[in-house]
Student: 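Here's a structure for you.
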Amino acid sequence: MLGPEDDDRRGNTGRPGQETGTVTKTRPKTKRPNLYRVLLLNDDYTPMEFVVLVLQDVFNKSREDAMRIMLHVHQKGVGECGVYPYEVAETKVTRVMDIARKNQHPLQCVMEKQ
């Protein structure tokens with residue numbers, strides 16, 4: 001059992017009217033990060049199957065989704081692979097460009113602010 005000599009450990013000074021209270025801090029509202037669209041650009045040389053494999057590997061798309069996006073890119077000239085925060089989008093663009101370069105394909109991937 002705590003006695004009056006233990007008041008300092010409880011945060012009390014022993015003087016009336018000077019009890020300590022809990023200080024609450026208001027947390028600043030965190031702003032949502034800007035999002036970026038990652039886009040594949042069509043070219044006349046990169047094989048469609050390669051584009052599908054890139055979509056599956058880099059963007060974790062199912063075969064069906066990858067085929068749909070690839071056909072959209074082929075027919076419209078550009079297609080969205082996903083929307084991500086800046087660092088994630090940048091990493092995905094770099095991975096696509098590296099894979100394309102290593103396989104000697106001119107596939108282009110860009111990102112734009114949403």
Student: Could you tell me which non-hydrogen atom of A66 sits nearest to which non-hydrogen atom of Q56, and how far apart they are?
Tutor: CB-CG, 3.9 Å
Student: Count I, L, V, M, F, W, Y as connected when their side-chain heavy atoms are under 4.5 Å apart, and connections chain through other members. Are I69 and I99 then in the same cluster?
Tutor: yes
Student: Going hydrophobic residue to hydrophobic residue with side-chain gaps under 4.5 angstrom, can you get from F59 over to L39?
Tutor: no
Student: Of all residues at least two apart in sequence or in a different chain, which pass the side chain to side chain donor-acceptor pair (under 3.5 Å) check with N103?
Tutor: none
Student: Grouping I, L, V, M, F, W and Y whenever their side-chain heavy atoms are under 4.5 Å apart, do V96 and Y86 come out in a common cluster?
Tutor: yes
Student: Quick one: which residue pairs count as a side chain to side chain donor-acceptor pair (under 3.5 Å) with a foot in residues 36-54, not counting sequence neighbours?
Tutor: R37-E80, R37-E112, D43-T46, E49-R63
Student: Out of curiosity, R101 CZ to L107 CG, how far, rounded to the nearest 0.5 Å?
Tutor: 11.0 Å
Student: Give, for atom OH of Y84 and atom CD of E90, the distance between the pair rounded to the nearest 0.5 Å.
Tutor: 14.5 Å
Student: Who pairs with H74 by ring pair (Phe, Tyr, Trp, His ring centres under 6.0 Å), at least two apart in sequence or on another chain?
Tutor: none
Student: Is any side-chain heavy atom of K92 closer than 4.5 Å to a side-chain heavy atom of C81?
Tutor: no
Student: Grouping I, L, V, M, F, W and Y whenever their side-chain heavy atoms are under 4.5 Å apart, do V88 and M111 come out in a common cluster?
Tutor: yes
Student: Got a second to check how far K61's NZ is from L53's CG, nearest 0.5 Å?
Tutor: 15.5 Å
Student: Tell me, do L55 and L40 make a side-chain contact under 4.5 Å, heavy atoms counted?
Tutor: yes
Student: Using 0.5 Å steps for rounding, measure from the OG atom of S62 to the CZ atom of R68.
Tutor: 8.0 Å
Student: Please examine the side chains of M67 and M70, heavy atoms only from C-beta on, and report whether any two atoms are closer than 4.5 Å.
Tutor: yes
Student: Can R95 and D98 be counted as an ion pair, charged N to O under 4.0 angstrom?
Tutor: no
Student: Are M97 and V51 connected in the hydrophobic side-chain network, where two residues link if heavy atoms are under 4.5 Å apart?
Tutor: yes
Student: If you define the side chain from C-beta out and look only at heavy atoms, does anything of P85 sit under 4.5 Å from N34?
Tutor: no
Student: Decide side-chain contact (heavy atoms from CB on, under 4.5 Å) for V110 and L41; before the verdict, give the C-alpha distance in whole Å, the side-chain angles of both, and the deciding distance to 0.1 Å.
Tutor: CA-CA 8 Å; V110 296; L41 307 179; 4.2 Å; yes
